[in-house]
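If you read the sequence from its start, that first residue is 1, and numbering goes on from there. From a predicted model like this one, the values you see are computed outputs, not experimental measurements. Counting convention: from 1, in listed order, for ligands and their atoms alike.
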Amino acid sequence: MTQCPECEAIVESHDMVLGEVFPCPDCGTELEVLGTDPFAVQPAPKEAEDWGE
Ligand SMILES: [Zn+2]
């Protein structure tokens, strides 16, 4: 398992696959699976890039 980069909630891999996008169960931020072993996530890129740098 790993932590949400936004709210630090614990997120676990439930048979997720590389590149899968899912919402954080705690804050709802869209997360993209960066790796499965070890499990790692990053905030998923938004289609509308209007939130600065
Ligand atoms: Zn979160």
If you measure from CE on M1 to NE2 on H14, what distance do you get to the nearest 0.5 Å?
10.5 Å

Shortest non-hydrogen contact from C7 to C4?
N-SG, 3.4 Å

Under 3.5 Å, side chain of Q3 to main-chain N/O of E8, donor-acceptor pair present?
yes

Atoms of the protein (N/O/S only) found under 2.8 Å from the Zn ion (ligand 1):
C4 SG, C7 SG, C24 SG, C27 SG

Do V11 and P25 have side chains that approach each other closer than 4.5 Å (heavy atoms only, starting at C-beta)?
yes

Here the pair of heavy atoms bringing T2 nearest to A40 is CG2-CA, 4.3 Å

Just how far is it from atom CD of E6 to atom CG of L31, taken to the nearest 0.5 Å?
8.0 Å

